[in-house]
Amino acid sequence: MADTSLSGARVARELDRLIIERGKPKMVVSDNGTELTSNAILTWADQSHVAWHYIAPGKPTQNAFIESFNGRLRDELLNETLFTSLAQARVELGHWRADYNDTRPHSQLGWKTPSEFAFTCNPRRDLALCRWLRTSSRRYHRPFGGAPTP
């Protein structure tokens, strides 16, 4: 998302959108940026029942995943492009994001693209399956591999 500034309220709206798309996280880890320490975010986290963990100031290694991503974005796009307008920055960022998510396989994802990997991960389905398995295992007990008994 490229813009002149991001308010906490806007970040909260985006988090709501992501929850609809991907499911609710147990925790969000972030730095101490003003948009992430705002009353809007504190209220959102409380109302959404999502734990929020702030990394220690000056300790970016506590959030190494995003630091790695930010470094890649900086090296591959931001340091290589002279943006002449916000509109151009949005277009270029969109192209980079599409390439990063839909074209490039990532070693940490089993050489899948993030989009392919996300397609195999369905938090709602996985949560429902886990609930079903827990309920099923309580309802049916298989002594020594025998037939289920209620």
Side-chain angles (χ1 to χ4, degrees), residues 1-79 81 83 86-142 148 150:
M1 174 174 2
D3 213 329
T4 55
S5 67
L6 296 175
S7 69
R10 184 165 172 197
V11 172
R13 285 193 307 271
E14 193 64 20
L15 290 169
D16 285 334
R17 186 190 67 74
L18 287 169
I19 285 174
I20 291 167
E21 184 180 318
R22 300 288 179 142
K24 184 166 72 167
K26 291 180 182 178
M27 178 185 288
V28 173
V29 177
S30 75
D31 64 14
N32 295 280
T34 55
E35 71 281 4
L36 301 172
T37 57
S38 67
N39 285 333
I41 290 298
L42 297 174
T43 300
W44 178 89
D46 187 49
Q47 290 175 350
S48 301
H49 304 288
V50 173
W52 200 285
H53 174 75
Y54 293 100
I55 64 170
K59 300 286 186 182
T61 55
Q62 291 179 354
N63 201 1
F65 293 114
I66 195 61
E67 291 302 320
S68 173
F69 173 82
N70 286 346
R72 184 160 306 205
L73 174 62
R74 195 171 24 261
D75 290 346
E76 296 176 7
L77 178 68
L78 302 179
N79 290 346
T81 310
F83 301 108
L86 185 56
Q88 181 203 7
R90 288 177 177 152
V91 168
E92 295 293 333
L93 185 58
H95 291 309
W96 187 88
R97 183 174 49 233
D99 177 61
Y100 185 87
N101 287 328
D102 303 327
T103 305
R104 295 188 213 177
H106 297 253
S107 62
Q108 292 296 312
L109 301 178
W111 296 106
K112 294 178 183 173
T113 67
S115 295
E116 290 169 328
F117 184 78
F119 186 74
T120 66
C121 297
N122 183 326
R124 290 188 179 146
R125 179 205 62 213
D126 296 345
L127 181 59
L129 180 60
C130 287
R131 285 181 182 150
W132 181 83
L133 289 171
R134 278 197 305 269
T135 305
S136 298
S137 66
R138 276 185 255 144
R139 267 189 273 164
Y140 299 103
H141 174 66
R142 292 178 187 256

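Keep in mind that what you see is a predicted model, and the values were worked out from it rather than measured. Below, each value reflects all heavy atoms present in this structure, side chains not excepted, and no hydrogens, waters or symmetry copies.
- Between Trp96 and Tyr100, the ring-plane angle classifies as parallel under the 30° and 60° cut-offs.
- Judged by distance alone, with hydrogens and angles left aside, the side-chain atoms of Gln62 form a donor-acceptor pair with the main-chain N or O of Ala56 at under 3.5 Å.
- In this structure, Pro114 and His106 approach most closely via the heavy-atom pair CD-CD2, 3.1 Å.
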TODO: Walk me through it: do Leu6 and Glu14 pass the test side chain to side chain contact (heavy atoms under 4.5 Å, CB included)?
DONE: CA-CA 11 Å; Leu6 296 175; Glu14 193 64 20; over 6 Å; no
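- Across all non-hydrogen atoms, the minimal contact from Val50 to Pro25 is CG2-O, 3.6 Å.
- Asp99 places none of its side-chain heavy atoms less than 4.5 Å from the side chain of Glu76.
- In terms of heavy-atom proximity, Ala40 sits nearest to Ala9 at CB-N, 3.5 Å.
- Between Thr61 and Ile55 there is no side-chain heavy-atom pair separated by less than 4.5 Å.
- Put simply, the side chain of Ser68 never gets that close to the backbone of Phe65: no donor and acceptor are under 3.5 Å apart.
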Open item on the list: Quick one, Thr37 with Asn32, criterion side chain to side chain contact (heavy atoms under 4.5 Å, CB included). Give me CA distance, side-chain angles, the key distance, then yes/no.
Closed with: CA-CA 6 Å; Thr37 57; Asn32 295 280; 4.3 Å; yes
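- Counting heavy atoms from C-beta on, the side chains of Phe83 and Leu78 come closer than 4.5 Å.
- At a threshold of 4.5 Å between non-hydrogen side-chain atoms, the residues Pro60 and Asp31 do not count as touching.
- Residues Trp44 and Val11 form no side-chain contact, since every pair of their non-hydrogen atoms from C-beta on lies 4.5 Å or further apart.
- Taking each heavy atom of Ser30 and Leu36 in turn, the nearest pair found is CB-CD1, 3.6 Å.
- Between atom CD of residue Glu116 and atom CG of residue Leu109 there is a gap of 9.5 Å, rounded to the nearest 0.5 Å.
- At least one side-chain heavy atom of Leu15 sits under 4.5 Å from a side-chain heavy atom of Ile41.
- Using a 4.5 Å cut-off on side-chain heavy atoms (C-beta onward), Ser38 and Thr43 make no contact.
- Side-chain N or O atoms of Lys24 include one that pairs as donor or acceptor with a backbone N or O of Ser48 at under 3.5 Å.
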- [ ] In sequence, state the C-alpha distance, the side-chain angles, and the governing distance for Arg90 and Asp3, and then conclude on salt bridge (charged side-chain N to carboxylate O under 4.0 Å, His left out).
- [x] CA-CA 8 Å; Arg90 288 177 177 152; Asp3 213 329; 3.5 Å; yes
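- Taken to the nearest 0.5 Å, the CG atom of Asp102 stands 10.0 Å off from the CZ atom of Arg97.
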